[in-house]
Colleague: 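Please see the structure below; I have some questions.
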Amino acid sequence: MNPGQHAISVEQLHKSFGENEVLKGIDLTANRGEVISVLGSSGSGKSTLLRCMNLLEIPDSGIVRVTGEEVLMKKNRRGENLPADIKQVERIRSRIAMVFQQFNLWAHMTILENVMEAPVYVLKQKRAEVRDRAIFYLNKVGIADKLDAYPIHLSGGQQQRAAIARALCIEPEVMLFDEPTSALDPELVGEVLQVMRDLAAEGRTMIVVTHEMGFAREVSSRTIFIEQGLIIENGTPQQVFDSPKTERFEMFIAAMM
Ligand code: ADP
Ligand code: MG
């Protein structure tokens with residue numbers, strides 16, 4: 001396969017917290033434009049997987065590649081894995097955006113300031129250009145009228161759309177979503193899923209941890225199911241939902257109904 005097509009991939013990813021082995025050898029590749037939904041019960045390692053992809057956690061072993069570039073690792077004296085080159089980590093991180101369950105907007109900044117923050121202060125881009133882009137993305141998620149408001153004055157759905165605009169404003173190669181609708185009141189879930197559907201239709205590369213089975217089935221190009229730190233289902237949504245290979249996934253689906 002042409003490595004240029006790879007947006008992000010991990011190979012034999014392992015991660016433990018103390019005695020707790022959370023990821024037990026995960027292999028996953030997202031090609032450009034793919035939307036992968038990640039399913040799994042609580043504690044199965046989904047967030048840890050996203051955090052390792054984003055280098056918010058450093059895997060104990062295995063390879064992370066972003067747009068074909070392998071994250072270089074070294075061992076410290078205790079034999080623990082560490083990034084070999086912090087500059088490389090910063091560069092690679094700027095290609096990945098993450099959207100969290102709890103939005104994680106800065107309470108003391110307006111919506112516009114939130115969206116502009118990383119491009120201006122982390123990526124050192126020109127303020128005027130970032131501002132135009134921020135307004136463009138706030139329009140895209142349908143909340144340009146809220147740009148001077150503070151997060152507390154927005155509904156949960158609006159806050160999450162602001163968080164998505166913030167992710168878009170760094171113009172990432174890959175977007176990681178960690179249960180983006182799980183903290184929302186049911187009537188606000190739809191507006192956030194609609195924005196995500198639009199992003200998928202634009203051909204953005206997205207990895208989405210979700211419990212929204214409709215989204216997984218209809219929007220994602222691939223569905224994986226993680227159980228105790230291993231991927232035990234991996235296929236098109238049709239393959240995985242209609243002919244699961246494991247009884248565990250059938251039970252998971254049955255419990256969701
Ligand atoms: P999921 O997102 O699928 O619910 P997580 O990846 O958050 O699962 O967690 C998987 C396991 O790893 C859980 O047992 C959790 O307690 C543990 N864990 C996650 N992050 C940490 C951490 N920073 N320190 C210690 N244990 C952690
Ligand atoms: Mg989680």
Side-chain angles (χ1 to χ4, degrees), residues 8-30 35-64 71 73 76 78-83 89 93 96-105 156 159-160 163-164 167 174-186 188-189 192-193 196 206-216 219-220 222-235 237 240-241 244 246-256:
I8 193 163
S9 64
V10 297
E11 245 174 67
Q12 279 306 300
L13 204 66
H14 286 80
K15 178 70 184 175
S16 298
F17 295 106
E19 299 286 285
N20 184 8
E21 191 182 16
V22 175
L23 301 180
K24 300 177 181 167
I26 299 267
D27 295 303
L28 183 64
T29 297
V35 179
I36 301 182
S37 50
V38 179
L39 311 180
S41 36
S42 177
S44 57
K46 306 178 299 296
S47 295
T48 304
L49 172 61
L50 290 195
R51 292 171 60 79
C52 284
M53 289 182 138
N54 205 5
L55 306 170
L56 290 172
E57 298 285 357
I58 303 306
D60 300 328
S61 62
I63 296 173
V64 178
V71 179
M73 294 289 182
N76 69 10
R78 279 173 302 196
E80 296 159 346
N81 232 16
L82 287 177
V89 169
R93 244 190 217 144
I96 305 172
M98 188 140 163
V99 175
F100 301 88
Q101 182 175 340
Q102 297 295 344
F103 330 135
N104 294 9
L105 296 170
Q159 287 189 56
Q160 191 60 300
I164 292 173
V174 182
M175 299 182 80
L176 307 177
F177 293 82
D178 195 356
E179 300 198 32
T181 61
S182 294
L184 299 175
D185 291 335
L188 303 178
V189 168
V192 172
L193 290 180
M196 293 171 63
M206 300 161 66
I207 300 182
V208 185
V209 174
T210 186
H211 296 294
E212 293 292 330
M213 294 301 134
F215 179 89
V219 182
S220 54
R222 197 138 56 90
T223 297
I224 67 171
F225 177 63
I226 298 188
E227 171 73 3
Q228 296 185 0
L230 284 170
I231 295 177
I232 64 169
E233 300 276 352
N234 185 350
V240 169
F241 284 101
T246 63
E247 201 176 323
R248 190 62 201 87
F249 185 70
E250 286 177 22
M251 285 165 62
F252 175 81
I253 289 301
M256 298 295 285

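Read the numbers this way: they start at 1 and go in the same order the structure lists the ligands and their atoms. If you're wondering where the values come from, they're calculated on a predicted model, not measured in any experiment.
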Colleague: Of all heavy-atom pairs between Thr210 and Ser37, which one has the smallest distance, and what is that distance?
Modeller: CG2-CB, 4.3 Å
Colleague: Calculate, to the nearest 0.5 Å, the distance between atoms CZ and NZ belonging to Phe225 and Lys46 respectively.
Modeller: 9.0 Å
Colleague: Which parts of the protein, at residue level, reach under 4.0 Å of ligand 1 through a heavy atom?
Modeller: Phe17, Asn20, Val22, Ser41, Ser42, Gly43, Ser44, Gly45, Lys46, Ser47, Thr48, Glu57
Colleague: Leu39 pairs by side-chain contact (heavy atoms from CB on, under 4.5 Å) with which of Met213, His211, Met256, Glu227?
Modeller: Met213
Colleague: State, to 0.1 Å, how close Val64 and Pro59 come at their nearest heavy-atom pair, and which atoms those are.
Modeller: CG2-CG, 4.3 Å
Colleague: State which residue, out of Val240, Leu28, Ile207, Val35, fulfils the side-chain contact (heavy atoms from CB on, under 4.5 Å) condition with Arg222.
Modeller: Leu28
Colleague: Taking side-chain hydrogen bond (donor to acceptor under 3.5 Å, both in side chains) as the definition, give me every residue that meets it alongside Thr246, ordered by chain and number, with sequence neighbours left out.
Modeller: Glu233
Colleague: Hey, is there an N, O or S on Ser47 sitting under 2.8 Å from the Mg ion (ligand 2)?
Modeller: yes
